[in-house]
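Counting convention: from 1, in listed order, for ligands and their atoms alike. On a predicted model such as this, the values are computed, not experimentally measured, just so you know.
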Amino acid sequence: MLRHEKTEAEILHLHCEDRENLFSVGFRTPPADSTGIAHILEHSVLAGSEKYPVKDAFNELAKGTLQTFINAFTFPDKTVYPVASQVKADFFNLARVYADLVFHPLLHRETFLQEGHHLEFAVPEDIESNLTVSGIVYNEMKGAYSSPDNIMYKSLQQNLYPDTVYAYDSGGDPLVIPELTYSRLQAFHKAYYSPSNSRFFLYGDIPTREHLDFLAEILSGFKKLEMDSRIPSQPRFDAPARAHAYYPAGSDEGLRKKTVVNIAWALAETSNFDEVLPIQVVSEALVGSAAGPLRKALVDSGLGQDLSPVTGLSLDLKQINFAVGLRGTEPEWTGQIEGIIMETLRKAADEGIDRDIFEGALHQIEFSGKEIVRRYLPYSIILMQRAYYTWLYEGDPLLGLNFPRHIEKVRKRWKDNTSLFQEVIRKWFVDNPHRVVSVVEPSTTYLDEREESFRARMARKKAEMSRGELEKIRAESLDLRKKQAEPDSPSALRSLPELKISEIPREIETIPTRDLSIGGVPALAHEIFANGIAYIEFAFDVSDIPDDLQPYLYLLGKLSMGVGAAGMSYTEMAKRISLKTGGLGFHLASGMAADGKSNWQKLIVQLKALHRNASDAVGIASDLLCAADFSDKGRVRDLVLESKNRLHSSVVPSGHMFARRTAAAALSVPFYRDEQWNGRSQLQLLSAVSERFEERSEDILKNISRLYREVFRRERLLINITGDEEGISLLAEAAEKRLSGLPAAGKGIGPAQEPVLPPVYSGVIIPAEVSYVAKAVPAAFYGDSCAPALLVLSRVLSNNYLYKRIRVQGGAYGGMSLYDPLNGIFSFLSYRDPNLAATMRVYEEAPDFISRSGIDGRELDKAVIGTIGSIDRPMDPAGKGYTAMVRRFSRLTDDLRKQFREGVLDTSEKALLDSAEKVFFGGMAPSAVAVYAAENRLKAANETLTRKLKIEPLI
Ligand SMILES: [Zn+2]
């Protein structure tokens with residue numbers, strides 16, 4: 001931990017043996033309104049600096065380097081810019097440019113208009129057409145304001161801390177964003193983006209000395225700037241507050257049981273770790289598992305369908321808060337829900353909670369403090385977050401990082417005072433009036449009303465403008481478009497540091513894999529350091545399950561993992577799971593073989609545990625796989641409802657992935673299965689079942705029991721273990737002993753049949769202010785010689801053509817193409833898109849664009865480097881073990897991978913054009929399209945489309 005003498009910039013370096021180094025600079029950026037000023041600035045600084053005058057420097061860095069992570073985040077009170085790479089030279093290149101962008105941005109007015117907001121006409125050239133607002137952040141936030149979870153989260157934050165910066169939306173409220181001016185944006189940068197207000201977080205194996213030399217370089221010339229960005233605390237309430245909001249609901253779905261009710265408490269100061277940790281234990285104990293008394297009381301009350309997704313402790317504001325509530329309820333039940341919550345807490349404070357539940361909570365906190373997790377984010381970002389909990393509020397950043405010591409400390413306090421946790425519940429929950437009850441109700445008119453009031457406002461605005469003013473708007477928006485379309489000058493592009501293809505290693509990285517047999521069951525073991533944790537997967541083959549039973553596999557997994565077993569109730573099982581495992585789950589996955597000639601389909605049960613619990617953990621899995629008890633109908637109903645609500649609420653936030661699934665299901669068996677298991681078809685099944693549970697439960701359970709007996713058999717099984725040597729042998733031993741109860745072979749459920757894939761050209765109605773447009777095209781498989789070039793092609797299209805047309809010019813939050821060589825599908829996607837038919841045209845013109853404009857050498861190099869960067873993305877221990885297993889299923893050998901990598905590195909312009917030719921003009925099966933959007937948008941699009949979308953309800 002260091003401080004720069006001249007500017008007082010603070011620097012923290014976590015030095016460790018991880019070659020994925022992270023550079024991150026963060027600023028306290030308290031907003032003074034909801035114009036999204038901090039968020040728009042976050043976008044805008046990335047559009048070039050004096051030294052690197054590239055219009056979209058961020059995108060250039062993202063696409064042409066070996067970065068393993070590059071992004072920027074706006075939080076309610078801070079803005080952070082992290083970038084990571086595994087190659088030292090690349091790392092310093094990235095950090096140098098990133099720091100320069102942040103400290104010396106160009107901040108052109110056009111950037112503000114493009115990223116923030118600007119007025120334009122619905123038909124840009126035509127001043128007779130409607131006046132409207134566009135901007136990337138503006139559309140991004142429209143998407144955020146369509147999600148009920150987001151609306152609830154905002155409602156709680158704004159009403160728990162009404163006298164602080166948290167009363168505003170740092171991301172920006174679409175209704176308020178248009179009030180932001182360019183000069184205020186410049187002033188905000190000047191005030192807050194100074195080294196004196198900065199915190200540098202560095203992580204990885206590069207020696208501190210080298211970082212300091214680098215920092216001296218980028219901080220030179222700066223002086224200390226006096227300013228106060230401290231975040232004030234919210235004065236405590238004398239009485240609870242109430243809040244109310246609406247979210248957009250689909251008109252065909254009805255409004256019954258669609259309300260969310262939450263209570264949230266403002267608790268201790270985040271930097272006061274001695275108070276925070278016991279609250280963390282209490283929070284985990286109350287709602288962390290199905291045995292948690294608060295979770296159980298709410299679910300058992302029957303007043304809602306499942307727990308509100310906005311449940312749990314939130315640590316990233318000045319004062320921590322805890323929220324809990326019910327989803328799928330009615331507004332008039334709010335009082336009862338409140339009563340149950342307070343009564344349960346009072347009882348817990350008076351009588352205490354089962355000791356095992358607290359032990360389980362402590363175990364969960366210990367586990368998550370130990371586990372190395374690297375999925376979408378580098379592990380270092382998780383550590384950075386933990387450091388910021390205290391660091392941002394003048395606390396010690398290392399406080400939250402030493403978990404073993406803290407767990408020891410809290411254990412000791414608990415031993416000395418056995419009512420410690422009861423006292424915490426009384427002080428912070430029962431006797432704490434600083435709380436909010438928030439009700440978020442569905443509204444089928446919400447979107448129309450918002451759009452109507454927006455249209456009326458814009459019409460008024462337009463009516464008040466003179467012809468000259470309207471002409472000016474047209475000229476300015478056309479000028480903006482022109483500037484957006486202009487490429488960067490070659491000299492500007494040359495300012496960015498470049499890596500050469502020859503500097504990239506041609507070798508592939510391999511994952512250690514050893515074949516074993518565990519009690520006659522084939523197994524794979526991957527010896528990888530995992531910090532005292534070991535991982536095991538049980539992969540059951542389900543490819544012969546008949547088509548009509550396939551959709552039930554999801555419920556098979558969900559129910560088997562969630563009910564009671566071996567004579568124990570589900571709460572007893574939940575207690576065991578929380579005490580002895582770091583998590584037990586399942587998912588369904590499918591893919592093609594590398595040659596595209598066959599496919600695999602698996603139900604995979606995943607389990608992780610500390611070494612000391614390996615045997616007990618496998619015992620729990622074995623009880624659930626051999627002796628699950630589906631007779632508790634109430635529990636089955638709760639699990640069905642929870643699944644339905646979770647899937648339903650994920651549609652709008654990840655509309656592009658749902659749309660891709662729906663489209664690609666027309667072209668590929670794995671995607672078809674994915675749609676049945678995890679997509680809209682699954683949502684339809686879960687909705688139908690939960691609508692008429694009483695009537696249908698017998699039938700459903702019959703199917704599930706039949707599948708249970710048939711699927712969980714040794715003949716279908718492959719075991720996959722990841723950990724260090726000790727972890728592997730502990731799990732293998734446990735599996736050998738505990739899985740003997742699993743029956744060997746069944747009588748068969750077949751006959752297996754290849755599903756018939758129906759064509760898709762659909763518009764699926766969702767309640768959202770923006771669209772998600774997906775198109776899927778059949779393409780080559782992994783083993784095909786043109787596959788590497790196709791992967792590069794998808795990057796070229798994403799980085800240039802689609803990025804420009806859909807994001808920069810179209811105003812969508814994202815537009816991209818993805819090539820999935822293991823499924824032989826090439827797809828186009830847009831995300832939070834204000835357009836629909838126009839986006840479909842952009843997709844259609846993609847092949848023309850490629851064949852017409854070709855690709856210049858430097859662009860190709862960048863795409864190749866970026867592609868290698870994405871192939872080389874680091875994985876956590878669990879991810880490595882899982883990936884090695886999937887490669888085995890796909891018969892993806894290291895030889896094939898090496899060939900593929902070399903193919904990518906050697907991609908020529910000709911190979912690129914040939915591969916494009918083959919996909920887009922090669923006479924393959926017709927493409928499929930799925931659009932997820934509001935009904936009026938779909939209908940409007942159909943008026944201009946030659947081939948009409950088949951408009952269907954979501955459910
Ligand atoms: Zn953004």
**OP:** Using side-chain hydrogen bond (donor to acceptor under 3.5 Å, both in side chains) as the criterion, list what pairs up with Q234, not counting sequence neighbours.
**Re:** D163

Original post:
When rounded to the nearest 0.5 angstrom, what distance separates CZ in R455 from CG in D448?
Top reply: 8.0 Å

Original post:
Which count of protein N, O or S atoms is obtained for distances strictly below 2.8 Å from the Zn ion (ligand 1)?
Top reply: 4

Original post:
Crowded around E486 CD? As in, over 12 foreign heavy atoms under 6.0 Å?
Top reply: yes

Subject >> Sub-4.5 Å side-chain heavy-atom contact between P248 and E769 >> reply: no

**OP:** Give a yes-or-no answer on whether the side chains of N321 and Y161 include a donor-acceptor pair shorter than 3.5 Å.
**Re:** yes

**OP:** Please state whether the rings of Y81 and F27 are parallel, tilted or perpendicular, taking 30° and 60° as the class boundaries.
**Re:** perpendicular

